[in-house]
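What follows is one structure encoded as structure tokens, with my remarks underneath.
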Amino acid sequence: MRSEKAAGQPQGSEPPAFQDLPEHYGCGPIRFRGSHDGLYERHLLFDNVVAPEDADSRERYEAIARSVRDVLSQRWQLTEQTYRRENPKRIYYLSMEFLIGRSLSNNILNLRLDPLARRLFDQEHLDETAILAEEPDAGLGNGGLGRLAACFLDSMATMQLPAMGYGLRYEYGIFKQTIVDGWQREQPDNWLRRPDPWEIARPEDAVEIDLGCSFEVRGGNLRVAVGMPSRLLGMPYDRPIVGYGGRTINTLRLWAAATPQTFDFQAFSAGEFVSALAQRLTAETVTRVLYPDDSTSMGQGLRFVQEYFLVACSLADLIRRFRATNSDWQLLSDKVAIQLNDTHPSLAVAELMRILLDEAELAWDEAWDITRRCLAYTNHTLLPEALEKWPLRWFELMLPRQLEIILEIDRRLRDEILARFPGDQGRVERASLIERGGERLVRMANLAIVGSHSTNGVAEIHSRLLRETTVRDLAEIFPGRFNNKTNGVTPRRWLLLSNPPLARCITEAVGDGWVTDLAELERMKPLVDDSGFVDSVRRAKRMAKLGFAEWLQASAGIVVDPDAIFDSQIKRIHEYKRQLLNALRIATLYNRIRENPNLDIAPRTFFFSGKAAPAYHVAKLIIKFLNNLAGTIDADPVVRGRLKVVFLPDYCVSLAERLIPASDVSNQISTAGYEASGTSNMKFMMNGALTIGTRDGATIEMAEAAGEENFFLFGLTADEVAGSRGWYSPLWHYDNEPETRAVLDLILSGHFCRYDPDVVDALRNILLTSGDVFRHLADLTSYLEADQRLQALYGDPSAWTRKALLNIANSGRFSSDRTIGEYAAEIWNAGPCPPPPERTRPR
Ligand code: 26V
């Protein structure tokens, strides 16, 4: 039918976009040559039954996305076929979060289809921005940890590693944030409301999971029905992960929970029918929603079930794949590397042991050896309240066999410690998997460390603090297991895709090798004194700022001045990230202008964006204060036009992609010792923003790479923060530093919060009464000094751009390709497995 129609087309009609597909995609020129309706028109017609001119943006988005999927599907299955044939060691990345963002433009770019897409948009006069905006921003994560997982998938596919991501297909991702009267409101993110062209259901790969109890939902809570074992069905949905160049296409497999029962409608009485359907709803609640709190492990039963569900489904799936080509269990660790993204999937230790003991029927020592060789654990936080500890009672109820295994691991661990440190009962208790005292708890970090061969932190300082403080006893017992893997970000999404003007300018100067080898950016260094090149970098920044300002006005009606310094702090709202310190800085500048209206100060727009965990009261209060600050400044005729504060609602991947390229200044101002790594810091650096920041996380390594003279570092070091614990007093700063006192007096007078005395009370409490735990006042003065230097530099545009350029040129180390290279070589012992380059054409 297709070929008949194609053959019937008049000669010389305009060829379709997507028809000249690159050879290796295999499904292009042969199939559709000569037809007047390319893939895009075909999808509109056959999927939506609509003519191109009548289609709305959503239909156009779907048709384009499906066309792109057509192009990648052959390489996708070829990639999996290659892995099956070559049987390499496979890498499995287990994560409760993948903060994917939008896929269409990223997939077009990685497939190198951008010229074809451009032609389609131009020829059909399509509104590209409107069409791309139809795709929901897949927010299956809270922040850095989830976005890191997504960057890692991109790097692993680009480096042609045989890797797969495993996660959960939450029906609701991270909530949508709106701001009402300055306060955060949360709305559900129903991102799967419409059919998602990127996901493929794989019912043939569904798995069944056994639990030691049943559940019912009462009043929104999951209640356990004790002593009634039950089963859950894990339904896999696959998403393509396109490596740059489109040769390797890996898979992200997300599990949705369902009930395994199939209904025999005849046999069911009316009552059973209803309760059976209700059971189905209960099962589906397991993957209903992403937990939106990344600061406290609140011990929610549903979260515990989610974690086990991810682990059980993923292990069953990867073991089945292993068994399809390997009969010898001893080979498991030669064929499988499993990376645990934080402790969230660390039940994998007990579950893999259960499989090896009970299903493979191996002896304990063998099973233990294999488990440890397969698993590796990444820690992402030192905050004690975020470290997961689950009540032992829940294991008794839901996972009795896994509990037995955990207790046996613990017994052996205790024996081992006592043998090596005779009489050191304190060490035994601190290192144990079980916390005693009150209710017995299972320490998930200890389980992950003991049950794996590698524990890594995500920046040098973080890995050191992890070893020296958080899990010191275990690090002394197993020193060889601890290592560092400094985070990175993918330069495809975060430079090539998000910042076309800068990407073009770099490529014109040094070629395009940087896209897959970011260290190539160093070749820009000799050009630092080439005024033509420096000018072109400056123009690129200007274009990004103009583009952002235009978008902001069109989408939110907010007008910002592109001649102002764009100064950004975008991340989750947390006390330790110190958005409040930034607010103190802004309020001080405001005060200075009010006191001296003739003050010579460069116009500046301060952007904030970020979500607060719905139950994190103080974080929500900080958002309110930032909005009040913005309102007060806007209303002040002396300051208006010189300083402006904008709180951008609903921070997400797409917003970051727009704001980061447009920013001149990146604020990375966490209390030293608290931010494990940070990753937006790296994105800003490679987009030519200058960093004002503390010596924390990966910012330290960034400054080292760029040269401290090209950074604006300030504040206490982590050791100084720790050392001040016994004697620090915010009052000292209030009493002895005039500007600190002035700004606090202004804030506490209610100047910014005329109608919100509760906000003022809370700020007084945080900054003074409760001892300023996060050292805002200790760092304010040096922050302002660094800021002064930064402002002075902005007055000299070529000196500014020179530093920006050196930052870009030295950002190569912060590509996630470098990070993944280190994981592959030092933890996974795995290498690339490229699918054959030849073209295989469908017959
Ligand atoms: C913790 C919890 C606690 C229990 C409930 C749900 C939940 C969800 C997420 C988390 C993770 C918090 C840790 C985290 O996101 N760490 C961030 O990881 C980034 C990537 O390594 C790193 O750049 C950031 O510095 C670090 O804060």
Side-chain angles (χ1 to χ4, degrees), residues 93 95-99 139-152 167-168 170 173-175 289-307 310 339-346 377-390 443-445 448 455-463 465-466 470 484-490 570-578 610-611 613-616 656 668-685 693-694 696-702 718 814 816 819-820 823:
Y93 198 83
S95 179
M96 288 286 283
E97 305 191 5
F98 288 92
L99 196 42
L140 308 184
N142 276 285
L145 167 140
R147 184 52 233 175
L148 183 78
C151 283
F152 279 5
L168 294 183
Y170 302 109
I174 187 71
F175 61 86
V289 58
L290 165 82
Y291 273 89
D293 193 330
D294 62 354
S295 51
T296 39
S297 177
M298 289 192 297
Q300 303 268 13
L302 179 57
R303 167 83 183 183
F304 182 68
V305 179
Q306 285 186 338
E307 293 185 358
L310 167 67
Q339 192 68 35
L340 307 176
N341 199 24
D342 217 298
T343 54
H344 316 153
S346 59
Y377 156 60
T378 305
N379 173 285
H380 294 269
T381 181
L382 302 176
L383 293 182
E385 62 271 27
L387 291 181
E388 291 188 299
K389 293 172 191 174
W390 293 115
R443 296 169 173 149
M444 302 310 277
T455 294
N456 74 280
V458 289
E460 292 288 350
I461 184 180
H462 165 67
S463 297
L465 293 172
L466 182 68
T470 318
N484 173 250
K485 297 286 167 280
T486 297
N487 284 165
V489 302
T490 170
I570 49 175
K571 47 187 81 249
R572 284 300 282 251
I573 313 293
H574 266 283
E575 286 164 276
Y576 84 78
K577 292 178 189 282
R578 294 200 297 192
K611 294 176 183 176
Y616 190 170
Q668 306 298 334
I669 58 174
S670 51
T671 315
Y674 283 86
E675 188 69 272
S677 160
T679 41
S680 75
N681 46 1
M682 304 168 183
K683 297 164 194 167
F684 279 108
M685 183 187 191
T694 46
D696 202 14
T699 303
I700 299 176
E701 292 160 63
M702 288 163 39
F814 304 101
S816 44
T819 314
I820 285 299
Y823 274 89

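Predicted model only: the values in this text are computed from it and were never measured. Counting starts at 1 for both ligands and their atoms, in listed order.
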- Among Glu675, Arg578, Lys571, find the one that has a side-chain hydrogen bond (donor to acceptor under 3.5 Å, both in side chains) with Gln668. Lys571
- Item | Heavy-atom side-chain proximity of Arg303 to His344 below 4.5 angstrom | yes
- Message: Do Met96 and Tyr170 have side chains that approach each other closer than 4.5 Å (heavy atoms only, starting at C-beta)?
- Response: yes
- Message: Does either side chain, that of Ser670 or that of Asp696, offer a donor lying less than 3.5 Å from an acceptor on the other one?
- Response: yes
- Query: In a check of side chain to side chain contact (heavy atoms under 4.5 Å, CB included) between Leu387 and each of Leu382, Thr470, Thr343, which one passes?
  - Reply: Thr470
- Query: Can His344 be said to touch ligand 1, with heavy atoms closer than 4.0 Å?
  - Reply: yes
- Task: Over 60° means perpendicular and under 30° means parallel, so classify the ring planes of Phe152 and Tyr93, tilted if in between.
- Result: perpendicular
- Give the single entry among His380, Lys577, Arg572 that approaches atom 16 (N) of ligand 1 most closely by any heavy atom. His380
- Atom indices of ligand 1, in the order listed, that fall short of 4.0 Å to a heavy atom of Arg303: 6 (C), 7 (C)
- Using a 4.0 Å heavy-atom threshold (strictly under), name the region of Glu97 that reaches ligand 1: side chain, backbone, both or neither. side chain
- With heavy atoms only and a cut-off of under 4.0 Å, state how Tyr576 meets ligand 1: side chain, backbone, both or neither. side chain
- Min N/O separation Asp342 to ligand 1 under 3.5 Å: no
- Item | Numbered atoms of ligand 1 (with element) below 4.0 Å of Ala676, judged on heavy atoms | 25 (O)
- Query: Side-chain donor-acceptor pair under 3.5 Å between Glu97 and Asn341, yes or no?
  - Reply: no
- Mark up the atoms of ligand 1 that fall under 4.0 Å of a heavy atom belonging to Val458, in ascending order. 21 (O)
- Item | Per-residue contact class, Asn487 against ligand 1 - non-hydrogen pairs under 4.0 Å | side chain
- Message: Show the atoms of ligand 1 that are less than 4.0 angstrom away from any heavy atom in Ser677.
- Response: 23 (O), 25 (O)
- Item | Within-4.5 Å side-chain heavy-atom neighbours: Met702 and Asn681 | yes
- Query: Looking at Gly678, which atoms of ligand 1 are within less than 4.0 Å of one of its heavy atoms?
  - Reply: 22 (C), 23 (O), 24 (C), 25 (O)
- Message: Could you check whether any heavy atom of His462 sits closer than 4.0 Å to an atom of ligand 1, since that is the contact criterion I want to use?
- Response: no
